[in-house]
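The analysis underlying the following values was restricted to heavy atoms, covering all of them including side chains, and did not include hydrogens, waters or symmetry mates.
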Amino acid sequence: MKRRLFLQTVLGSFALPIAGQSLAATVTSETIQLPAASDIISKFGFVTDVHYCVKPITRIPHEDSVRVYRDTLAKLRQATDLFNVSDIDFAIELGDFKDCNDDGDRLGTLRYLQTVEREFARFNGPRYHVAGNHDFDKITYEDFVSNITNHGDANGKLYYAFVKGGVKYIVLDACYNNLEGEHYSEGNLDWQVAYIPTEELKWLEKELATGTEPVIVFTHQLLNSWDENPIPKAFFIKNCDSVVSMLEKSKRVLAVLSGHYHKGFYSERNGIHYVVNQGMVEQPIPHNVFGIVSVDKHHNVYVQGIYNERSHVCKRA
């Protein structure tokens with residue numbers, strides 16, 4: 001059935017082409033050919049690096065970064081509005097959901113988290129979160145997990161797995177100070193030091209050995225360390241080599257989706273596609289970045305970039 005969906009956003013009205021058509025340069029950043037709806041086995045929406053808080057614009061020259069924190073709530077609303085009419089299985093945010101004022105306190109920072117979670121909760125479907133480094137400045141680990149909601153058995157957890165439409169999704173938490181499992185909490189962290197601890201690695205190995213579904217992995221910090229230059233070394237998980245080796249050995253992983261590096265990036269190695277998505281906090285409205293991912297019955301992955309996000313067609317090797 002052909003139809004056009006019209007949404008009222010901060011920018012006004014826009015039209016969204018039907019799935020399966022070549023996507024015109026309306027809300028989508030690039031034109032890609034999506035599979036027919038009947039060929040899609042799983043579909044989800046993502047946002048990353050919302051960094052919601054209310055503080056002045058921050059410029060980080062060496063990262064070519066202009067962070068406009070106050071605009072992110074409206075940008076997230078654009079995303080949830082679109083997700084709500086896109087027939088997706090779930091929505092996920094890939095970390096750094098909130099931020100904080102430099103002179104802020106725990107209660108004020110908690111209010112930012114509660115505000116951005118309420119906005120995300122406007123999505124009428126299952127929601128999931130990935131832990132990001134900024135999620136633990138000023139507040140405790142317990143504060144964070146008790147003020148967000150993950151769907152079903154994932155609630156209260158920051159690494160977990162679930163199956164939708166014949167695809168296994170694995171969420172990893174690299175917000176640890178060491179392999180022994182000391183988690184970030186109340187600003188006890190160095191954002192350049194991120195580990196997936198030994199206990200979580202054992203869990204991951206078990207998950208990769210359970211079931212036969214193709215797998216998509218979500219992280220905040222990056223695993224694709226061979227892309228150092230142009231990506232600075234600080235953005236990678238310290239023990240990423242061990243994790244990547246495990247993913248490659250499984251022969252099940254189609255793609256890894258991450259945030260953290262706000263410029264975004266893409267690479268492929270040994271049949272796994274590494275899609276680093278751009279940070280929503282960057283640049284004022286009307287600039288915005290988020291996306292919708294479709295997996296077809298042949299296990300190809302289509303990343304449909306919305307607004308200024310890049311699109312990717314990730315063919316199975």
Side-chain angles (χ1 to χ4, degrees), residues 1-9 13-48 78-94 123-128 151 161-171 211-218 250-258 264 266-268 270-278 288-317:
M1 179 180 69
K2 291 186 177 181
R3 63 175 179 162
R4 281 188 177 271
L5 303 172
F6 292 89
L7 302 178
Q8 188 68 33
T9 70
S13 298
F14 62 83
L16 185 67
I18 61 172
Q21 289 184 342
S22 182
L23 295 170
T26 52
V27 295
T28 53
S29 64
E30 298 177 38
T31 300
I32 61 171
Q33 186 71 37
L34 291 177
S38 59
D39 287 341
I40 296 174
I41 63 170
S42 190
K43 187 176 180 182
F44 63 89
F46 70 84
V47 302
T48 192
Q78 288 184 324
T80 53
D81 281 348
L82 183 56
F83 294 164
N84 275 332
V85 296
S86 296
D87 191 26
I88 60 177
D89 297 320
F90 64 92
I92 188 165
E93 63 86 16
L94 303 181
F123 172 62
N124 298 319
R127 304 189 318 279
Y128 298 96
H151 181 70
F162 59 94
V163 176
K164 295 284 185 182
V167 178
K168 174 176 269 194
Y169 294 97
I170 296 178
V171 174
T212 60
E213 308 93 346
V215 171
I216 290 178
V217 174
F218 300 109
S250 76
K251 305 295 184 184
R252 295 176 63 186
V253 180
L254 306 177
V256 176
L257 272 69
S258 306
Y266 166 84
S267 68
E268 181 274 339
N270 294 333
I272 301 176
H273 301 268
Y274 294 81
V275 182
V276 180
N277 301 289
Q278 297 178 68
N288 200 359
V289 285
F290 56 95
I292 294 175
V293 176
S294 302
V295 183
D296 73 14
K297 62 185 179 181
H298 304 293
H299 301 162
N300 301 308
V301 179
Y302 301 81
V303 181
Q304 177 188 347
I306 308 297
Y307 289 112
N308 304 97
E309 185 57 275
R310 302 180 187 97
S311 297
H312 309 276
V313 178
C314 306
K315 294 291 187 178
R316 188 171 190 187

| query | To the nearest 0.5 Å, what is the distance between CG (N300) and SG (C314)? | reply | 9.0 Å
| task | Name the orientation class of the two ring planes belonging to Y169 and F90 (parallel below 30°, tilted from 30 to 60°, perpendicular beyond 60°). | result | perpendicular
| task | Show your working on side chain to side chain contact (heavy atoms under 4.5 Å, CB included) between V256 and I272 and close with a plain yes or no. | result | CA-CA 7 Å; V256 176; I272 301 176; 4.1 Å; yes
| Got a donor-acceptor contact below 3.5 angstrom from the Q78 side chain to the D81 backbone? | no
| CD1 of I92 to CZ of F162: how many Å apart, nearest 0.5 Å? | 5.5 Å
| Are any side-chain N or O atoms of Q278 and backbone N or O atoms of N308, one a donor and one an acceptor, separated by less than 3.5 Å? | yes
| query | Any salt bridge between K43 and D89, counting N to O under 4.0 Å? | reply | no
| request: Give a yes or no answer on whether the side chain of R316 reaches the backbone of H298 with a donor-acceptor pair at less than 3.5 Å. | output: no
| task | Mark yes or no for whether S86, through its side chain, and I88, through its backbone, hold a donor-acceptor pair below 3.5 Å. | result | no
| said: A side-chain contact here means heavy atoms from C-beta on lying under 4.5 Å apart; do V215 and V167 qualify? | reply: no
| query | To the nearest 0.5 Å, what is the distance between NZ (K168) and OG1 (T212)? | reply | 9.5 Å
| message | Using side-chain heavy atoms (C-beta onward) and a distance below 4.5 Å, is L82 in contact with F290? | response | yes
| query | When you measure from the side chain of S42 to the backbone N and O of V295, does any donor-acceptor pair fall under 3.5 Å? | reply | no
| query | Once you round to the nearest 0.5 Å, how far does CZ of F218 lie from CD1 of I170? | reply | 10.5 Å
| query | Excluding sequence neighbours, so at least two apart, what forms side-chain contact (heavy atoms from CB on, under 4.5 Å) with S267? | reply | N224, W226, D227, F265, Y274
| remark: So CG of N277 and CZ of F46: to nearest 0.5 Å the spacing works out to 3.5 Å
| said: If we ignore hydrogens and angles and just use 3.5 Å, is the side chain of N288 paired with the main-chain N or O of Y307 as donor and acceptor? | reply: no
| Are any side-chain N or O atoms of R252 and backbone N or O atoms of G211, one a donor and one an acceptor, separated by less than 3.5 Å? | yes
| Between NE2 on residue H299 and CG on residue L254, distance to nearest 0.5 Å | 7.0 Å
| message | Whether the S311 and Y302 side chains hold a donor-acceptor pair (N or O, under 3.5 Å, no angle test) is what I'd like checked. | response | no
| task | For residues F83 and A91, report the shortest heavy-atom separation together with the two atoms involved. | result | CD1-CB, 4.0 Å
| request: Look at the side chain of N84 and the backbone N and O of T80, then say whether any donor-acceptor pair between them is shorter than 3.5 Å. | output: yes
| field | Minimum-distance pair of heavy atoms, taken over all atoms of P126 and K164 | value | CG-NZ, 3.9 Å
| Note, V301 side chain near V293 side chain (heavy atom, < 4.5 Å) | yes
| said: Pairing donors with acceptors under 3.5 angstrom, does anything connect the side chains of Y266 and H273? | reply: yes
| said: I need the minimum non-hydrogen distance between V303 and I32, along with the two atoms involved. | reply: O-CD1, 3.7 Å
| task | Can you spot which of I41, D296, V313 makes a side chain to side chain contact (heavy atoms under 4.5 Å, CB included) with P35? | result | D296
